[in-house]
Amino acid sequence: MSDHSFAAKHSVTPAKAGVSLFERPPAATKRSQPSLGRRILAATALLALPTPAFADALVDNVQGVTVAADGKVTRFTGMTITPDGKIVKLLSARDKRPERPDWRADMKGRVLIPGFIDAHGHVMGLGFRALELDLSQAKSLDDAKQRIRAYAAANPERKWISGGGWNQEAWGLGRFPTAADLDDVVPDRPVFLERVDGHAGWANTAAMKAAAVTARSVSPAGGRIEKAGANPSGVFVDAAQELIRKVVPQPSPKDRDAAFLKAQDILLSYGITATADMGTTLDEWLSFRRMGDAGALRVRIISYGAGIDDTVRIGGGRPTPWLYGDRLRLIGVKLYGDGALGSRGAWLKAPYADAPGQTGLGFMSDDVIRNLMSRAAMDGYQVAVHAIGDKANAQVLDAIAELSETYKGDRRWRIEHAQVIAPAELARFGKHGVIASMQPVHQTSDRIMAEARLGPARLTGAYAWSSMLKDGGRLAFGSDYPVESPDPFAGWAAAFTRQGANGQPFGGWRPEERVTREQAWWGFTGGAAHAGFAEQQFGSLQPGQRADFAIVDRDPVDASPSELRQTKVEETWIGGRKVWERK
């Protein structure tokens with residue numbers, strides 16, 4: 001039975017085309033939604049296709065194109081797949097096809113590319129951002145206030161208004177927003193909204209009252225309460241967010257499952273077949289397991305636990321095995337070294353150029369970060385540390401240099417973001433085999449802000465992709481969704497142009513740090529798989545790997561940067577099964 005006939009028989013409706021939290025109306029409104037049970041059923045329907053018992057499957061009549069680690073591009077016209085969804089062979093036009101395959105998919109000459117792997121994302125954050133109040137498209141403070149007012153009016157039953165995506169830099173506000181700004185539109189119930197990078201929260205007066213935050217409240221270690229005179233202004237940076245979060249109602253298991261299904265559809269709509277989930281909590285892991293047990297887990301997840309405690313509670317004394325046919329594995333731990341540039345929480349060696357009295361926030365002392373990294377490494381967990389500022393990156397590199405003397409073998413230490421590096425320290429990534437897990441779209445989004453925060457003298461080691469490779473480092477590319485759109489085509493184009501969607505700046509921002517089109521592509525496929533110890537399972541279209549691919553509307557190798565950004569995914573296949581189709 002073909003996928004199409006199965007879908008017709010069972011009235012399966014794949015996810016809406018182009019689902020994206022970045023293309024939504026100004027405010028969410030209540031509307032009739034399928035029940036959670038129906039959404040789980042829809043998610044499992046395509047995976048319920050009968051598995052071929054004997055013969056291989058044949059995907060044929062394609063313009064197939066894939067890339068290898070050395071940048072070599074291979075073209076093919078078909079592929080054979082085993083009953084358990086692994087590639088047997090890529091076929092050229094001259095190769096003989098199996099005479100009697102168990103089933104054959106005729107792709108009608110369309111373009112087939114490897115499925116993308118996002119090396120750094122937040123699965124549940126993506127889902128909740130799409131289901132809650134999303135301010136990522138707000139153009140100004142007034143625009144944001146209008147969206148907040150509309151959302152509150154459309155959701156009178158919500159005791160708290162939650163969501164995020166705000167960015168005072170994009171608004172040209174010149175300051176953080178305040179509790180008074182929120183009080184203007186929602187004075188009667190608590191509001192708490194995450195900044196776009198997740199490193200600051202914006203609360204109204206009702207939320208601060210509920211959390212008992214007053215002028216006497218003290219900024220915790222690794223956090224900062226923004227002040228208006230002696231009083232909290234309404235913005236809480238990094239660890240200070242917990243002062244409010246501790247009283248925000250937590251989502252139910254049903255809410256988490258709904259958020260996961262939403263996130264999964266968004267990822268599949270972009271041709272993302274696997275993703276690293278950076279900071280998986282125990283509750284989130286249980287949601288992933290519920291989806292796997294129900295047969296509704298389609299996307300592959302490489303999980304990094306949210307700190308040592310949750311990592312050990314999930315995995316016990318070691319990383320988990322691959323579960324659900326290579327769809328879920330806890331491989332490591334996610335730690336935080338500092339905050340973000342946008343909220344001036346990135347930990348810098350010298351003060352911010354636009355805030356001379358601030359150097360950011362270091363979250364851990366040298367002894368603490370070494371102890372936590374050692375605790376993870378002794379049980380075989382991979383260590384991934386968020387570090388944005390040059391001081392934070394230096395601290396993590398120092399820790400890796402020391403720990404590498406004790407913990408030998410293929411550790412694949414990871415630094416997440418690695419945005420601002422002292423030029424002299426770039427070579428240290430290659431020396432210790434450190435993977436720089438970076439997000440090309442951050443460069444295009446942050447460019448103007450980074451220039452203001454750092455000043456020209458410190459830009460040399462900022463967003464330095466090419467220098468990382470030249471000094472022997474390894475790159476893994478992702479998006480940091482929902483901070484940015486998970487769209488891999490935007491990230492791919494940014495990586496080899498150093499330009500935004502508008503083609504600016506002309507010639508690219510610090511163009512010497514561009515990588516090639518093929519290096520960027522590998523960063524979003526095989527490089528990202530290698531970063532999560534998954535290169536034996538997936539990441540490139542070659543014999544023995546899972547048949548994870550996307551059917552797209554153009555050849556990305558021949559497309560101009562603007563055309564590449566416009567690429568649409570028509571179908572997404574995982575393990576030789578179609579799991580998403582554009583309608």
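- Using a distance-only test at 3.5 Å, with no hydrogens or angles considered, a donor-acceptor pair links the side chain of T572 to the main chain of L268.
- Taking both residues in full, the closest heavy atoms of S404 and W413 are given as OG-NE1, 3.5 Å, listed atom of the first, atom of the second, then distance.
- Between A476 and A119 the shortest heavy-atom distance is CB-CB, 3.8 Å.
- R329 places a side-chain N or O within donor-acceptor distance of the main-chain N or O of T320, the cut-off being under 3.5 Å.
- In plain terms, the two heavy atoms of A263 and G127 that are nearest each other are CB-N, 3.6 Å.
- By the ring-ring contact (aromatic ring centres under 6.0 Å, His included) test, F538 is found to be paired with W322, residues two or more places apart in sequence or in another chain being considered.
- When every heavy atom of A427 is checked against every heavy atom of D471, the shortest pair comes out as CA-CB, 3.7 Å.
- Counting heavy atoms from C-beta outward, R428 and V434 have side chains that stay 4.5 Å or more apart.
- When all heavy atoms of V299 and A274 are compared, the closest pair comes out as CG2-N, 4.1 Å.
- A distance-only check finds a donor-acceptor pair linking the side chain of R498 to the backbone of W509 [under 3.5 Å].
- The side-chain heavy atoms of D56 and P83, taken from C-beta on, include a pair separated by under 4.5 Å.
- Residues that satisfy the salt bridge (charged side-chain N to carboxylate O under 4.0 Å, His left out) test with D487, not counting sequence neighbours, are absent from this structure.
- Contact check for P114 versus W521: side-chain heavy atoms found under the 4.5 Å cut-off.
- Within a 6.0 Å sphere centred on CZ of R318, other residues, nucleotides and ligands contribute 12 heavy atoms or fewer.
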Atom pairs and distances, side-chain donor-acceptor, residues 462-470, under 3.5 Å, sequence neighbours left out:
| unit_1 | atom_1 | unit_2 | atom_2 | d |
| --- | --- | --- | --- | --- |
| Y463 | OH | Q419 | OE1 | 3.4 |
| Y463 | OH | D446 | OD2 | 3.0 |
| S467 | OG | E513 | OE1 | 3.3 |
| S467 | OG | E513 | OE2 | 2.5 |

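- The shortest side-chain heavy-atom distance between D257 and M291 falls under the 4.5 Å cut-off.
- Within the structure, the side chain to side chain donor-acceptor pair (under 3.5 Å) test picks out the following pairs touching residues 547-557 (sequence neighbours left out): R75-D555, R300-D548.
- Counting heavy atoms from C-beta on, the side chains of V441 and S485 never come closer than 4.5 Å.
- Judged purely by atom type and a 3.5 angstrom limit, R256 has no side-chain atom pairing as donor or acceptor with the backbone of S287.
- Under 4.0 Å is where a charged nitrogen must lie from a carboxylate oxygen, and between K568 and E570 no such pair does.
- Contact of the T516 side chain with the F496 side chain is not registered, since no non-hydrogen atoms from C-beta on lie closer than 4.5 Å.
- Listed by chain and number, the residues in a ring-ring contact (aromatic ring centres under 6.0 Å, His included) with F288 are F260 (sequence neighbours excluded).
- Under the ring-ring contact (aromatic ring centres under 6.0 Å, His included) criterion, F489 pairs with F116, not counting sequence neighbours.
- Every salt bridge (charged side-chain N to carboxylate O under 4.0 Å, His left out) that R104 has, sequence neighbours left out, goes to D60, D106.
- Note: H417 and H120 have tilted aromatic rings, judged against thresholds of 30 and 60 degrees for the angle between ring planes.
- Take W522 and apply the ring-ring contact (aromatic ring centres under 6.0 Å, His included) test, not counting sequence neighbours, and it matches no residue.
- By the side chain to side chain contact (heavy atoms under 4.5 Å, CB included) test, R565 is found to be paired with A490, A493, A494, A501, residues two or more places apart in sequence or in another chain being considered.
- Between L267 and Y481 the shortest side-chain heavy-atom distance falls below 4.5 Å.
- The closest side-chain donor-acceptor pair between E484 and S479, if any, does not fall under 3.5 angstrom.
- Using a distance-only test at 3.5 Å, with no hydrogens or angles considered, no donor-acceptor pair links the side chain of E571 to the main chain of K578.
- Applying the side chain to side chain contact (heavy atoms under 4.5 Å, CB included) test to A259 and every residue at least two apart in sequence or in another chain returns M124, F128, L131.
- When the side chain to side chain contact (heavy atoms under 4.5 Å, CB included) test is applied to A550, the partners found at least two apart in sequence or on another chain are I113, V552, V569.
- Nearest heavy-atom pair across E535 and H530 is OE1-CA, 3.6 Å.
- Residues passing the side chain to side chain contact (heavy atoms under 4.5 Å, CB included) test with E169 are N167, R195, M449, R453, sequence neighbours excluded.
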